[in-house]
There are 2 protein chains.
Amino acid sequence: MSRPCPQHQHPHRLIQQPLSDLTDKLRRGELKITAPRQAILDVLRKHSSPLTIKEIHTSLGKLDCDLATIYRNMHTLERMGLVRRYDFGDGAARFELSPEEGDSHHHHLVCTRCARIVELDDCFLNEFQDQLARRHGFTQISHRMEFFGLCPNCQAP
Amino acid sequence: MSRPCPQHQHPHRLIQQPLSDLTDKLRRGELKITAPRQAILDVLRKHSSPLTIKEIHTSLGKLDCDLATIYRNMHTLERMGLVRRYDFGDGAARFELSPEEGDSHHHHLVCTRCARIVELDDCFLNEFQDQLARRHGFTQISHRMEFFGLCPNCQAP
DNA sequence: CGGAGGATTGCAAACCGTTTGCATCCTCAA
DNA sequence: TTGAGGATGCAAACGGTTTGCAATCCTCCG
């Protein structure tokens, strides 16, 4: 994983939510504030791109906890909207702290060689998605969209 | 899985490529024409939505072959562009015969309860995707996009 | 038409991310 | 401070997928 290209970094990703705000949210969700929970949130807070469970695990360092604990927590955190889950099609889920404006979301451009991730601007699919729902009588509609390609560093000569 | 709603069925999906055309393509790809291969293509030919490996396997009926054979064949067929792979996020890959205009593709609206699949019109992301590639210096760019929701039959009262 | 050579298959075992059961531990409200 | 229930660690199981290997099948060539 390489450093994100600053010029294309989406602004809201640079604003780190203080850990205390996060634990406040935990409390509001009636979740206990445990060491693994805090450590996981802290790791996510410090990264600007989605992390796999394994990446989170190694980032925990000496605050290490069981993999199953991370898996369980990601479900809980996702359920209460603190965290967003992404699937880049390589078989490992990735997680990112939700932006503070809880309902907005964005998509990613992923290098298929080095897994470098570019965070794109806020999603533009909402109107289209709503039309689609109306036209086909669907409710609770959502979507997934990711872009893949070779980043500048990975293009062979 | 329920029958697709005819009024929203995308036209090109109704045109079945004759099996002979498909085996011709196999030949051109220097692939041997084996019984499993033909049977798999024949199953795909008869379905208008993407199928999982398991669904293909059970559809094979008495032409049954090993799961590993299907997995291996899906890779080969995908590699030569005969088949397209989709990921609806439930952990099982799905496969669909490529439309005859080899480069076009479309997306899906998937019911999260009954897995009913609506095939959408041809993709509209190409320009956007190219812009994106240019702006970030990526090459070989592609994307994935699927919509999820509750279909009319699955909306609880 | 028959045989050689390489692709393809079946089978079983391995893989990998993820989930789960269970006993123990810890957090938090009373 | 204490009790109840949520949370954790550990190990086993799970589901989709991949892989090694020996046996088999398609094709091409003589």
Side-chain angles (χ1 to χ4, degrees), chain A residues 19-20 22-43 50-80 82-95 115, chain B residues 19-20 22-43 50-80 82-95 115:
Chain A
L19 192 50
S20 56
L22 293 174
T23 52
D24 279 356
K25 291 186 186 164
L26 285 185
R27 250 183 291 273
R28 261 178 268 137
E30 316 210 298
L31 295 182
K32 297 190 175 166
I33 299 180
T34 65
R37 226 96 83 191
Q38 290 186 83
I40 291 169
L41 285 174
D42 207 39
V43 165
L51 299 178
T52 62
I53 297 279
K54 263 205 253 175
E55 286 166 348
I56 295 174
H57 187 237
T58 61
S59 296
L60 283 175
K62 73 175 311 182
L63 291 172
D64 185 41
C65 72
D66 196 87
L67 274 182
T69 301
I70 308 185
Y71 278 106
R72 281 190 276 236
N73 269 303
M74 298 326 283
H75 280 291
T76 334
L77 296 174
E78 189 190 6
R79 201 175 320 124
M80 58 177 302
L82 252 160
V83 146
R84 213 146 259 164
R85 174 189 301 258
Y86 293 99
D87 175 2
F88 291 171
D90 62 352
R94 293 174 198 248
F95 302 89
Chain B
L19 191 52
S20 57
L22 293 174
T23 52
D24 279 357
K25 291 185 186 164
L26 286 185
R27 247 183 292 273
R28 261 178 266 136
E30 315 210 300
L31 295 183
K32 296 189 175 167
I33 299 180
T34 66
R37 218 99 91 182
Q38 291 186 81
I40 291 169
L41 284 175
D42 207 40
V43 164
L51 299 177
T52 62
I53 296 279
K54 265 208 253 175
E55 287 165 348
I56 295 173
H57 187 236
T58 61
S59 296
L60 283 175
K62 73 174 310 179
L63 290 171
D64 185 42
C65 72
D66 196 84
L67 273 183
T69 301
I70 307 185
Y71 278 107
R72 280 190 277 235
N73 270 302
M74 296 329 280
H75 280 291
T76 333
L77 296 173
E78 189 190 7
R79 200 176 322 124
M80 59 176 302
L82 252 159
V83 146
R84 213 145 258 162
R85 173 188 302 257
Y86 293 100
D87 175 1
F88 291 171
D90 61 353
R94 296 175 198 246
F95 302 89

Separation of D:dT19 P from B:Ile70 CD1 (nearest whole Å)
17 Å
Considering only heavy atoms from C-beta outward, does the side chain of B:Arg94 approach that of B:Glu55 to under 4.5 Å?
yes
Could you tell me whether the side chain of B:Leu41 reaches within less than 4.5 Å of the side chain of B:Gln38, counting heavy atoms only?
no
Contact between B:Ile40 and B:Met74 at the side-chain level, heavy atoms closer than 4.5 Å - yes or no?
yes
All N/O pairs under 3.5 Å across the protein-nucleotides 7-11 of chain C interface:
{"from": "C:dA7", "atom 1": "O4'", "to": "B:Lys32", "atom 2": "NZ", "distance (Å)": "3.2"}
{"from": "C:dT8", "atom 1": "OP1", "to": "B:Lys32", "atom 2": "N", "distance (Å)": "3.3"}
{"from": "C:dT8", "atom 1": "OP1", "to": "B:Arg37", "atom 2": "NH2", "distance (Å)": "2.1"}
{"from": "C:dT8", "atom 1": "O5'", "to": "B:Arg37", "atom 2": "NH2", "distance (Å)": "3.4"}
{"from": "C:dT9", "atom 1": "OP1", "to": "B:Thr34", "atom 2": "OG1", "distance (Å)": "2.9"}
{"from": "C:dT9", "atom 1": "OP2", "to": "B:Asn73", "atom 2": "ND2", "distance (Å)": "3.3"}
{"from": "C:dG10", "atom 1": "OP2", "to": "B:Asp66", "atom 2": "N", "distance (Å)": "3.0"}
{"from": "C:dG10", "atom 1": "OP2", "to": "B:Thr69", "atom 2": "OG1", "distance (Å)": "2.6"}
{"from": "C:dG10", "atom 1": "N7", "to": "B:Arg72", "atom 2": "NH2", "distance (Å)": "3.0"}
{"from": "C:dG10", "atom 1": "O6", "to": "B:Arg72", "atom 2": "NH2", "distance (Å)": "3.0"}

Value in whole Å for how far the P atom of D:dG16 lies from CD1 of B:Ile56
13 Å
Can you tell me how far P of C:dT19 sits from CG of B:Asp90, to the nearest Å?
13 Å
Distance, rounded to the nearest Å, where A:Ile33 contributes CD1 and D:dT8 contributes C1':
16 Å
Take atom NE2 of B:His75 and atom P of D:dG16, then tell me their distance rounded to the nearest Å.
15 Å
Find the distance A:Tyr71:OH to D:dC10:C1' and express it as a whole number of Å.
15 Å
Can you find a pair of side-chain heavy atoms, one from B:Thr34 and one from B:Asn73, that are under 4.5 Å apart?
no
Atom CE of A:Met80 and atom P of D:dA7 are separated, to the nearest Å, by 11 Å
Taking the side chain as every heavy atom from C-beta outward, state whether A:Thr52 and A:Asp90 have any atom pair closer than 4.5 Å.
no
Nearest heavy-atom approach of A:Leu60 to A:Val43 is CD2-CG2, 3.7 Å
Rounded interatomic separation in angstrom, taking CZ from A:Arg28 and C1' from C:dC28
18 Å
